[in-house]
Amino acid sequence: MALTEIAPAKINLALHVTGQRDDGYHLLETVVTFSDAGDVVTVEAAPEDAFSMSGRFSQGLSREAGGSDGNLVLRARDVLREALSEEGMSAPPVAIHLEKNLPVASGIGGGSADAAATLRALLRHWHATPAASTLDRLALKLGADIPMCMVGKPLMASGVGENIALLPAMPSFHCIIANPLQPVSTPQVFQRLTEKNNAPMGPLPALSSAAGWLSWLGSLRNDLEPPARLVQSRIAELSGLMKDTGAALVRMSGSGASCFALYETEAQARESLERLTAARPQWFFMQTRTVGKGETDDART
Ligand SMILES: C[C@@](CO)(OP(=O)(O)O)[C@H](O)COP(=O)(O)OP(=O)(O)OC[C@H]1O[C@@H](n2ccc(N)nc2=O)[C@H](O)[C@@H]1O
Ligand SMILES: Nc1ncnc2c1ncn2[C@@H]1O[C@H](COP(=O)(O)OP(=O)(O)O)[C@@H](O)[C@H]1O
């Protein structure tokens with residue numbers, strides 16, 4: 001029987017760079033939520049391992065596990081299988097299909113989401129229960145964003161993404177995610193970052209309404225947005241178009257180039273999507289309801 005897992009987009013609602021480790025990796029504080037749709041990973045038993053892809057953004061993605069740019073779905077399969085075999089558990093051949101709906105190298109962690117969805121699907125498919133520490137270790141080994149993509153709920157992360165605290169009170173937001181379909185290289189953006197010791201976020205305030213959350217998020221930053229704008233000029237253009245729709249908050253996610261806009265009502269998000277799509281028909285726009293507490297709260301309530 002085939003098993004399916006959604007690989008939602010990761011949205012860095014805010015991202016502060018607060019320092020740099022000795023190995024060059026930057027220390028981050030980030031507030032993250034996830035979309036309600038994204039890529040789709042399907043696994044089923046097969047006589048031998050197989051991998052296929054479909055979807056708007058599958059072209060050009062590697063179909064191999066190895067190499068410097070191997071597909072994270074296959075790397076996730078292989079590292080999980082290796083870890084299970086070390087713990088004496090079996091991991092027989094599987095056919096995996098990836099429906100690639102999210103743009104690649106775009107700051108919304110599509111590859112990380114795919115790897116996390118693959119791990120979740122294979123754990124279910126293989127009825128495997130590795131030690132939690134094993135899973136944490138292999139998720140981080142696959143990429144700094146993968147532990148948070150395994151969680152898939154509103155959270156704050158620090159370190160390089162390994163210290164995670166859930167934000168169960170965060171509401172669901174009406175959101176548009178947009179991308180000008182120009183890939184942005186994460187290392188290049190970090191290289192252009194001049195100030196590495198930026199102000200931390202401070203303690204999470206007591207927030208009791210969606211409007212309160214929007215106001216707090218508005219007071220935060222994405223410290224990678226200025227260097228990303230130097231690398232890719234369309235980010236400024238996209239951000240300007242989104243601000244013109246009257247969104248409550250517009251910001252870049254991750255290392256870009258994707259930007260998100262949060263709206264007070266579903267109708268505003270829908271109208272903005274129509275406007276943005278008409279303005280830039282070739283670009284990527286996706287309306288979503290972010291995961292969060294309840295099917296609530298228009299921010300005005
Ligand atoms: C910036 C973030 C924010 O969520 O998201 P994305 O833009 O990738 O979505 C992540 O921290 C991205 O983490 P991850 O996706 O693992 O980055 P990788 O591609 O492995 O990192 C590529 C390179 O970026 C630099 N890098 C990455 C993460 C970090 N905390 N400090 C860094 O300096 C390093 O040079 C690293 O070799
Ligand atoms: N399944 C995958 N989906 C997207 N990118 C992948 C995948 N597997 C490997 N990659 C590689 O990972 C890199 C980062 O991709 P992605 O996770 O989409 O970036 P970002 O975190 O900036 O959104 C790309 O260079 C891409 O070639």
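Everything numeric here is computed off the predicted structure, so don't read it as measured data. All values below come from the heavy atoms of this structure, side chains included, with hydrogens, waters and symmetry mates left out. In listed order, ligands and their atoms are each counted from 1.
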Residue [X] vicinity, atoms of ligand 2 by number, heavy atom under 4.0 Å:
{"X": "Asp114", "answer": "1 (N), 2 (C), 3 (N)"}
{"X": "Lys100", "answer": "3 (N), 4 (C)"}
{"X": "Leu98", "answer": "1 (N)"}
{"X": "Gly70", "answer": "8 (N), 9 (C)"}
{"X": "Gly110", "answer": "17 (O), 18 (O), 23 (O)"}
{"X": "Ser112", "answer": "17 (O)"}

Heavy atom of Ser106, distance to ligand 2 below 4.0 Å: yes
Region of [X] engaging ligand 1 - heavy atom pairs below 4.0 Å:
{"X": "Leu28", "value": "side chain"}
{"X": "Ile146", "value": "neither"}
{"X": "Gln20", "value": "neither"}
{"X": "Thr30", "value": "neither"}

Pairing of Glu266 and Arg289 as salt bridge, 4.0 angstrom limit: no
Check ion pair Lys100-Asp114 (N to O, under 4.0 angstrom): yes
Protein contact to atom 19 (O) of ligand 2 [nearest heavy atom, distance to 0.1 Å]: Ala105 CA, 3.3 Å
Minimum-distance protein heavy atom relative to atom 37 (O) of ligand 1: Tyr25 OH, 3.5 Å
Partner residues of Phe284 under the ring-ring contact (aromatic ring centres under 6.0 Å, His included) criterion, sequence neighbours left out: Phe57
With sequence neighbours excluded, residues passing ring-ring contact (aromatic ring centres under 6.0 Å, His included) with Phe285: none
Given Gln268, Met242, Arg270, the one that forms side chain to side chain contact (heavy atoms under 4.5 Å, CB included) with Ile176: Met242
Protein heavy atom under 4.0 Å of atom 9 (C) of ligand 2: yes
Ala144, Gly109, Ala228: member with heavy atom nearest to atom 14 (P) of ligand 1: Ala144
For atom 2 (C) of ligand 1, the option (of Val17, Leu72, Asp145, Thr186) bearing the nearest heavy atom: Asp145
